[in-house]
> 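Quick one: this structure, given as C-alpha cells, is what I'll be asking you about.
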Number of protein chains: 2
Amino acid sequence: MRDPLLHYPGYVLRRASTAAMAELATRIVVLGLRTTEATILQIVAENPGISQSALGRMLDIQRANMTPIAARLEARGLMRRLPSDGRSLGLELTPEGQQLAEKAQAVVDAFETELTNRIPPEHRDHLMPALLALWPSTDG
Amino acid sequence: MRDPLLHYPGYVLRRASTAAMAELATRIVVLGLRTTEATILQIVAENPGISQSALGRMLDIQRANMTPIAARLEARGLMRRLPSDGRSLGLELTPEGQQLAEKAQAVVDAFETELTNRIPPEHRDHLMPALLALWPSTDG
DNA sequence: TGTCGACTGTTATGGGCCATAACATAATTT
DNA sequence: AAATTATGTTATGGCCCATAACAGTCGACA
C-alpha cells in the first residue's frame, strides 16, 4: 500500500490545515462560536468601526458571505452594525461581544501556542515565511 | 486597521491551504475532476485492488463519504468496484481511468513543483517536517 | 451639476468537503 | 454458536466558498 501523497507539499498542507481547523473548531464550539465567527469577533474587537467590506477583504470573505455571518452575530447581541456611510456598515462589539471575544481570544492563543510547540525547534521559524510565500493573496 | 492574524501559524496555514487548493481546483477542473477525485484516481492507480475502506483511511475520508465518490467515478467509467471479500469492494481503474489519472498526475506534479519553487530556498526543506508535525493523524 | 462608474450590502442559489447516525450484511473473535 | 468488529450504504446536516443579480450610495469628472 503506497502513499506517495506524503511527498506533496500541497497535499500535506491541506491535511495539516484540515486537522488543525477541526481541532480548533472543537475547542471554540463550546463557546457557541464557529472558527470564522471567533476570527471576526477578534478583528472587530481590535478594529472597532471597521466596515463589513473591509473586514471581508482582510479575511478573504466575500461580501455576500459576510452578510449572514454579521447578521447572525448582531442577532445574538454580540455585535452592532451602525450605518457609517449611507452604504457602509461600521461594526463594533457589544459588551457581551467583547466578553466572548476575550474568551475566544484565549482559546485561540492557547491553540496557536500549542501548534507552534508541536513543530520541532529547528523547523519552527521557517513555517511562517514558507506559508506566506505560498499564499499569493497577501498583496493581491 | 490591524491584522494580528498574520502572526498565527494556524490561521496562515488555513489561508495558505485554501488558496493552494483553490488554485489546484481550477487546474484540475478542466479535466472534469475535483481535487478529491484526482487524488483517488492517483491512489487507486498505484494500489490496484485497494478497498474503499482502506482508501478512505489513507485519505481520511469517511466510508459514508467515499461511497458516492467511488460510485460517481464508476458511473463515469473511470473505475471498477469488484467485490473482493463479500463485504469489501476492491477498486481498480479502467483504461479510461488510467488515462485520465495520468493527465491528473501531470497537473498535480506541475502544481506541486510550482508550489515548492515559491518557497524561498532557505525555508524550503523545513516546510514538510513542520507540517507533518502539526498533523496528528499520521500515526493515529 | 448631473452623469457614470465604482463601492456596499443584500438575497438567492449552488458546489465541495466533512461529520454523524442508523442500517444490513459479512467477517472475525471468543 | 454468539458476540463483536468491519464494510458499504442511505440520509441528513453543517460549514465555508463562489457567482449572479439587484438596489442604493458615493466619487470622479466632464
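Residue numbering restarts at 1 for every chain, and letters A, B, ... go by the order of the sequence lines.
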> CD1 of A/Ile50 versus P of C/dG9: gap in Å, rounded?
10 Å
> With distance as the sole criterion, do the side chain of A/Arg34 and the base of D/dC15 form a donor-acceptor contact below 3.5 Å?
no
> Between A/Arg57 and A/Ala22, which is nearer to the 5' end of DNA chain C once each is assigned its nearest nucleotide?
A/Arg57
> Out of curiosity, does A/Met21 fall in the hydrophobic cluster containing B/Leu13 (side-chain heavy atoms, cut-off under 4.5 Å, transitive links)?
no
> Using a cut-off of less than 4.0 Å, is there contact between a side-chain N or O of B/Gln62 and OP1 or OP2 of D/dG8?
no
> Would you mind classifying the nucleic acid contact of B/Ala64 as base, sugar-phosphate or nothing, using non-hydrogen atoms under 4.0 angstrom?
base
> Find out if a path of hydrophobic residues (ILVMFWY) with successive side-chain heavy-atom gaps under 4.5 Å connects A/Val30 to A/Leu100.
yes
> Do A/Arg63 side-chain atoms and A/Gln52 backbone N/O form a donor-acceptor pair below 3.5 Å?
no
> Using atom CG of A/Leu59 as one end and atom C1' of D/dA18 as the other, report the distance to the nearest whole Å.
17 Å
> If you only use heavy atoms from C-beta on, which nucleotide in C/dT10, D/dC16, C/dC18 is closest to the side chain of A/Gln52?
C/dT10
> Are A/Phe111 and A/Leu41 linked, directly or through other ILVMFWY residues, by side chains that come within less than 4.5 angstrom of each other?
yes
> Rounded off to whole Å, could you give me the CD1-to-P distance for the A/Ile69 and D/dA18 pair?
12 Å
> Just N and O in the side chain of B/Thr67: are any of them under 4.0 Å from OP1 or OP2 of D/dG8?
no
> Calculate the interatomic distance between B/Ile61 atom CD1 and C/dG16 atom P; express it in whole Å.
14 Å
> In whole Å, what is the span from the CD1 atom of B/Ile28 to the P atom of C/dG16?
14 Å
> Where each residue is assigned the nucleotide of DNA chain C containing its nearest heavy atom, which of A/Asn65 and A/Arg14 is assigned the position nearer the 5′ end?
A/Asn65
> Between B/Met66 (CE) and C/dG16 (C1'), how many Å, whole number?
15 Å
> Are A/Ser53 and C/dC7 close enough that a side-chain N or O sits under 4.0 Å from OP1 or OP2?
no
> Would you say a side-chain N or O of A/Arg63 is under 4.0 Å from OP1 or OP2 of D/dA20?
no
> Ion pair present between B/Arg81 and B/Glu92, side-chain N to carboxylate O less than 4.0 angstrom?
no
> According to a strict under-4.0 Å criterion, is B/Arg81 in side-chain N/O contact with OP1 or OP2 of D/dT9?
yes
> What nucleotide, of D/dG8, D/dC26, C/dT10, holds the atom closest to the side chain of A/Asp85?
D/dC26
> Starting from C1' on D/dC15, measure out to CG on A/Leu33 and report it in whole angstrom.
14 Å
> Map A/Thr35 and B/Ser88 onto DNA chain D by nearest heavy atom, then report which one ends up closer to the 5' terminus.
B/Ser88
> Less than 4.0 Å between a side-chain N and a carboxylate O, is that true for B/Arg27 and B/Glu112?
no
> If you check the A/Leu89 side chain, which of D/dC16, C/dC17, C/dG9 turns out closest?
C/dG9
> Tell me the interatomic distance from B/Glu37, atom CD, to C/dG15, atom C1', rounded to whole angstroms.
12 Å
> Answer yes or no: side-chain N or O of A/Arg87 and base N or O of C/dG9 forming a donor-acceptor pair under 3.5 Å.
no
> Within the pair A/Arg72 and D/dG14, is there a side-chain N or O less than 4.0 Å away from OP1 or OP2?
no
